[in-house]
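Computed over heavy atoms, backbone and side chain alike; hydrogens, waters and symmetry mates excluded. Along the sequence shown, the residues carry numbers beginning at 1.
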Amino acid sequence: MEKQMLRYVGQQVEIIYLGNNGSMTQRRIAIRSVERGRVKAFCFQRQAPRVFKLENILAVQQVVRHAG
């Protein structure tokens, strides 16, 4: 998963994330770095930097922005 996430550094993605309390959330994030099992990103939902555990990211999809 870490190699997969590395290709998204500098881009926006949508993730499905399993929180520590067992709840699942969908988040749009801008990935800043991926290292040691962690994804450092800006979370648009929280409007703040966040750190996500790679093992808790259940799905990822690149956000495609259209010109216009």
Side-chain angles (χ1 to χ4, degrees):
M1 177 68 108
E2 191 162 332
K3 283 185 179 183
Q4 178 187 3
M5 295 301 285
L6 280 170
R7 68 181 175 159
Y8 295 123
V9 171
Q11 299 181 40
Q12 287 186 30
V13 296
E14 293 270 349
I15 62 170
I16 303 295
Y17 189 73
L18 180 63
N20 289 333
N21 63 358
S23 66
M24 281 194 286
T25 60
Q26 182 172 346
R27 308 266 185 118
R28 179 179 292 216
I29 62 173
I31 297 179
R32 296 188 172 151
S33 68
V34 180
E35 55 189 48
R36 293 190 297 266
R38 305 271 190 258
V39 175
K40 293 181 181 178
F42 181 82
C43 176
F44 292 96
Q45 180 179 333
R46 299 286 187 192
Q47 290 294 301
R50 289 287 190 261
V51 178
F52 299 93
K53 293 179 186 177
L54 270 174
E55 64 193 32
N56 289 358
I57 296 175
L58 305 178
V60 60
Q61 182 175 354
Q62 185 175 3
V63 173
V64 179
R65 291 182 267 176
H66 300 283

### Query
If every non-hydrogen atom of Met24 is compared with every non-hydrogen atom of Leu58, which pair is closest and at what distance?
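Result for this residue pair: SD-CD1, 3.4 Å.
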### Task
Quick one: pull up CD1 in Ile15 and CD1 in Ile29 and give me the separation to the nearest 0.5 Å.
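That separation rounds to 4.0 Å.
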Atom pairs and distances, side-chain donor-acceptor, residues 34-56, under 3.5 Å, sequence neighbours left out:
from, atom 1, to, atom 2, distance (Å)
Gln45, OE1, Arg27, NE, 3.4
Gln47, NE2, Phe44, O, 2.8
Asn56, ND2, Leu18, O, 3.2

### Query
To which residues is Val63 joined in a hydrophobic cluster, defined by side-chain heavy-atom contacts under 4.5 Å among Ile, Leu, Val, Met, Phe, Trp and Tyr, whether direct or through other members?
none
### Message
Is any side-chain heavy atom of Met5 closer than 4.5 Å to one of Ile31?
### Response
yes
### Query
Do any pairs count as a side chain to side chain donor-acceptor pair (under 3.5 Å) and have a residue in residues 4-19, sequence neighbours left out, and if so which ones?
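Those involving residues 4-19 are Gln11-Gln62, Glu14-Gln26, Glu14-Arg28.
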